[in-house]
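Remarks on the structure that follows.
Chain letters run A, B, ... following the sequence lines, proteins first and then strands; every chain starts at 1. Keep in mind it's a predicted model, so treat the numbers as computed, not measured.
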Amino acid sequence: MAFNHQEIEKKWQDQWESTGVFHAKDNSDKPKFYCLVEFPYPSGAGLHIGHPRSYTALDVIARKRRMEGFNVLYPMGWDAFGLPTENYAIKTGRKPQEVTAENIATFKRQLTSLGFSFDWSREINTTDPEYFKWTQWMFLEFFKAGLAYKASMPINWCLSCKTGLANEEVVDGSCERCGGQTEKRDKQQWMIAITKYADRLIDDLEGLDYVEKIKAQQRNWIGKSEGAEIAFDLVVEGQPEKSHQQRVFTTRPDTLFGATFLVVSPEVVDGWIKMGWQAHEDVQTYVSQALKQTEVDRTSDEREKTGVFSGVMAVNPATEKQIPVWVADYVLGQYGTGAIMAVPAHDERDFSFAKKFNLPLRQVVRPPDLQTILGTDLAMAKAAQSSIVIEHDCYVGDGIAINSGFLNGLSTQEATKQMITWLAEKGVGEAKTTFKLRDWVFSRQRYWGEPIPLVHCEKCDWVSVPESQLPLCLPEVEKYEPSETGESPLAQMTDWVNTTCPECGGPAQRETDTMPNWAGSSWYFLAYAMKHTNNFSFPMSSYKEILKDWMPVDWYNGGMEHTTLHLLYSRFWNKFLFDRGYVPAPEPYAKRTSHGLIMAEDGTKMSKSKGNVVNPDEMVTQYGADAVRLYELFMGPFAEPVPWQINGLVGMRRFLEKSTNLVQMISETESKEVTRGLHQTIKKVSEDVEAMRFNTAVSAMMVFVNTVKEQGSITKESFNAFLIVLCLFAPHLANELNQQTGGTELLETYPWPVFDPALIVEDVIQMAVQINGKARGLIQIAPDAEESVVMELATSDPNIQKYLDGQTIKKVVYVKGRILNIVL
RNA sequence: GCCGAUGUGGCGGAACUGGUAUACGCGCACGACUCAAAAUCGUGUGGGGAAACUCAUGUGGGUUCGAUUCCCACCAUCGGCACCA
């Protein structure tokens, strides 16, 4: 029976709103469950069809938890500062505040139309002064703790627009807007020292329930490597010996005896030249060309290694021999010390460089004896063996030190230790850990962000804006473009900029940079919990209890693309607040899962330029919110990318209509099949939802509806239990059918049904009979039948007998409830 | 190049701990209803073969009574990082 989805959706959405069933309760006696999805950026394009995938998934979980008796917090808000809105404002001359308000209204309407069980009473918005006063306050905490500092960092600069650009606005080295050339310019910017937390950000991953690939990606991003920093004396023509040194970082100090040359980055040589060193002409040429190259060029695929001899020699502290110093762009200026000791016999890049420029090799590690490895593990031995064969002259694995003086005969591990001790004793090096992770550039020369609440005073240097003056709001400006001097548009508002120093009362200027949009999203999970306490006002200490009640987030779902930025920033931010004593847990999220992207029908990414974007409004209007919710979860495995197929929605709609038809089949009795099917469905859905196997959960409900249709009748009790299950996925129709069949309460207030294991057991099952492992027949038996009974039944089957004729049975494999295999 | 994931009908996908490969949905074909169509309902639907049977889970091997599942090698596709010392 067709139903009018628009009518019933409105009806139940109003009911949920007016009864407040989805409101989380502060100070409740029930156990808490904090369920979180990434809050969206309210863009002008409206909700993307991919958003509801994550939201529906955790909506199902939130709804189930409520029915299971938890006090559930499932909130929603807006991450609304950012570039697209600002650019839209620049283009149209409208206020970003207005544009944001409109976009939020659209998003909220769209989310409401899908029936999510968000607690809208806790809605937050990062651009709301009442919200960002906290973001500003927290920044000041970083500042007070010495973790926020100013440093000169390069920004992208468009030569023709004369403005700074975000990385995103630079496409292939040109300005996205005008196509003009861009270059890097140094600018003093605020930084936050996330690297101080690098170790803890890695170590604390250990105890978290994150999907393994998320952990791996964060570890790789932080990129911890342990090794040593070693100082090499340089021998420069016309300069006294030992007057200069170059430090290198290595993860393999044990191979120092094998270092046959040094390689320094163009950046390092550039530094030498700037300090007055006379480089040979070809060195100068090489360096200036290398520095001009964009990152894309320098890192392009399968590029031949280039380099040039610098003219400088270095002294290997272990062998005391002079070795040449080369310049090459494969060594990065930003990583480590910008220089390496090359050990061509034991590093692949050094090896290919040495081959190309005919530099000497010196073997200092012998692969471990096969015998030694064989003693441990066969697979390992094979792996070790193959790596030895493949590398030929270059062996990168661990082994035994040779040609290495006092290290000879030691294992790589032991040799590393001894070498570090030796370096320290001689005063030429020490153990050192480096990270790939760099400090967080926290300044933007933009309008649409939180103003950085600092004041610069000639006398007092940088001073915090006092808590009582927060929020520090954005001034009204005439133009939203960054200024031609590279300052943010705020710099032109002299009335706003010029102020008095909070410390000494003298004249002072405000910082005109704003914060990146990552700032507001780095602590928003706290804001939802804080929202109803103390009117969201200072001080932070007044939220201690409520944060203790709600934190950490029990389940956080979001996109893989946020793994190394938002997810890492917010973990860091929370850890910092934890150290300051403001939040109760060192980690913000106990569990993190990820959804797969929704692709266009042809399997490619949806994009406006391709015109293959699916509009959720149209889908909801045409097929109904429940069908869209079901399809978002049914379309494929939740964690994997899946193409959007409009036909899939047709099937969901049919399923809902079939469910509606069951109302006519309600009667006093039902068959065993229906009862069993119901309990099987409850079990399957319960388990699948927890494991995020939503696609098979939906399929289980379909199977049940098909069963009832075949059987023709269902009791009211069973139908009601089914509606509770269905309510997770299709809450509008489930409530409607519940009311139609006499229910007076919202389905959301019912307890989650419990299945009876006894009712799930089938009394007769079909068992395959195999001959030599091939299925040859089917028999009907009790699931726990004894082998003799099953054999008798099987051998009396004419189909099976045919195979047994004139053969001797060698073996019978019988697995209860699974298989009977007769081996001839 | 490194890391990670994936590969099953016409399509999206399912398969517990190794136990009837293709659940569920889409599509398609035929039938019913209809003047007709849509919608709906019913039946069928991996390939080959009249059938017995046989071949099929990216490819090639292996372990096993039995492999989509475990092991080895390879191929392809997607994602992340990209010369990280």
Checklist entry - If you look at every strand shown and take non-hydrogen atoms under 4.0 Å, does A/V815 touch a base, only sugar-phosphate, or nothing? => result base
Next on the checklist: In whole Å, I'd like the distance from the CG atom of A/L332 to the P atom of B/C81.
Outcome noted: 16 Å
Item to check | Any A/K774 side-chain N or O less than 4.0 Å from OP1/OP2 of B/C55 | outcome: yes
Checklist entry - If you look at every strand shown and take non-hydrogen atoms under 4.0 Å, does A/L820 touch a base, only sugar-phosphate, or nothing? => result nothing
Item to check | P atoms of B/A15 and B/U68, separation to the nearest Å | outcome: 15 Å
Checklist entry - Starting at CD1 of A/I646 and ending at C1' of B/C11, how long is that distance when rounded to a whole Å? => result 15 Å
Next on the checklist: Output the rounded distance in Å from CD (A/E226) to C1' (B/A85).
Outcome noted: 15 Å
Item to check | Check: A/Y330/A/D350 side-chain N/O donor and acceptor closer than 3.5 Å | outcome: yes
Next on the checklist: Say we look at B/G48 and B/C71: how far apart would their C1' atoms be, to the nearest angstrom?
Outcome noted: 33 Å
Checklist entry - When rounded to the nearest Å, what value does the distance between C1' atoms of B/U20 and B/A67 take? => result 14 Å
Checklist entry - Considering only side-chain heavy atoms of A/S699, which listed nucleotide, B/A23, B/C81, B/G13, is closest? => result B/A23
Checklist entry - Do A/H562 and A/E38 have side-chain atoms, one donor and one acceptor, less than 3.5 Å apart? => result yes
Item to check | Separation of B/C24 P from A/D688 CG (nearest whole Å) | outcome: 15 Å
Checklist entry - If you check every side-chain atom of A/Q217, which of B/G80, B/C65, B/C3 has the closest atom? => result B/G80
Next on the checklist: If you only use heavy atoms from C-beta on, which nucleotide in B/C26, B/G13, B/U20 is closest to the side chain of A/R654?
Outcome noted: B/C26
Checklist entry - In terms of side-chain heavy atoms of A/Y335, which of B/U20, B/A85, B/C65 is nearest? => result B/A85
Checklist entry - For the residue pair A/F704 and A/F722, does the interplanar ring angle fall in the parallel (under 30°), tilted (30 to 60°) or perpendicular (over 60°) class? => result tilted
Checklist entry - Which part of the nucleic acid, if any, lies within contact of A/D347, taking any heavy atom under 4.0 Å across all strands shown: a base, the sugar-phosphate backbone alone, or nothing? => result nothing
Checklist entry - The side chain of A/Q645 lies closest to which of these nucleotides: B/C11, B/C83, B/G19? => result B/C11
Item to check | Proximal nucleotide (of B/A15, B/C83, B/A85) relative to the A/S225 side chain | outcome: B/A85
Item to check | Side-chain donor/acceptor of A/R219 to base of B/C3, under 3.5 Å | outcome: no
Item to check | Smallest separation among heavy atoms of A/T416 and A/P253, with atom names | outcome: CG2-CG, 3.6 Å
Checklist entry - Where the side chain of A/R776 is defined as all heavy atoms beyond and including C-beta, which of B/U20, B/C53, B/G13 is the nearest nucleotide? => result B/C53
Item to check | Separation of B/C3 P from A/N220 CG (nearest whole Å) | outcome: 10 Å
Checklist entry - Is A/K709 touching bases, backbone alone, or none of the nucleic acid, heavy atoms closer than 4.0 Å? => result sugar-phosphate
Item to check | Length of the line joining A/F638:CZ and B/G12:P, which is rounded to integer Å | outcome: 20 Å
Checklist entry - Which heavy atom of A/L423 sits nearest a heavy atom of A/A228, and at what distance? => result CD1-CB, 4.3 Å
Item to check | Residue whose closest nucleotide on RNA chain B lies nearer the 5' end, A/L778 versus A/R438 | outcome: A/L778
Next on the checklist: Using whole Å, what does the distance between atom C1' of nucleotide B/G12 and atom CE of A/M702 come to?
Outcome noted: 12 Å
Next on the checklist: For a quick check under 3.5 Å, do A/Y814 and A/S788 share a side-chain donor-acceptor pair by atom type?
Outcome noted: no
Checklist entry - B/G42 and B/G46: how far apart are their C1' atoms, nearest whole angstrom? => result 23 Å
Next on the checklist: Taking the nucleotide of RNA chain B with the nearest heavy atom to each, does A/K802 or A/D350 sit closer to the 5' end?
Outcome noted: A/K802
Checklist entry - Considering only B/C24, B/C81, B/C83, which nucleotide approaches the side chain of A/N706 most closely? => result B/C24
Checklist entry - Which value, in whole Å, describes the distance between the C1' atoms of nucleotides B/U59 and B/C11? => result 24 Å
Checklist entry - Closest to the A/V703 side chain: B/A85, B/C24, B/G12? => result B/C24
Checklist entry - Considering only B/U40, B/C24, B/C53, which nucleotide approaches the side chain of A/F634 most closely? => result B/C24
Checklist entry - Can a side chain N or O of A/K811 be found less than 4.0 Å away from OP1 or OP2 on B/C65? => result yes
Checklist outcome for this item: Applying the 3.5 Å cut-off to both distances, the Watson-Crick or G-U partner of B/C53 turns out to be B/G48
Next on the checklist: Work out how far the C1' atom of B/U54 is from that of B/C2, and round it to whole angstrom.
Outcome noted: 45 Å
Checklist entry - Is B/G9 in the syn or the anti form, by the rule that syn lies within 90° of 0? => result syn
Checklist entry - Between A/F634 and A/F694, is the ring centre distance below 6.0 Å? => result no
Next on the checklist: Considering every strand and a 4.0 Å limit on heavy-atom distances, what is the contact class for A/E212: base, sugar-phosphate, or nothing?
Outcome noted: nothing
Item to check | Strand partner of B/C81, provided both Watson-Crick or wobble distances fall under 3.5 Å | outcome: B/G1
Checklist entry - Is there a donor and acceptor pair closer than 3.5 Å between the side chain of A/N821 and the base of B/C65? => result yes
Checklist entry - Below 4.0 angstrom, N of the basic side chain to O of the carboxylate: do A/E786 and A/K816 qualify? => result yes
Checklist entry - What is the base-pairing partner of B/A15, counting Watson-Crick and G-U wobble geometry with both distances under 3.5 Å? => result none
Checklist entry - Phosphate oxygens OP1/OP2 of B/A52: is one of them under 4.0 Å from a side-chain N or O of A/Y803? => result no
Item to check | Whole-Å gap separating P (B/G80) and CD (A/E561) | outcome: 10 Å
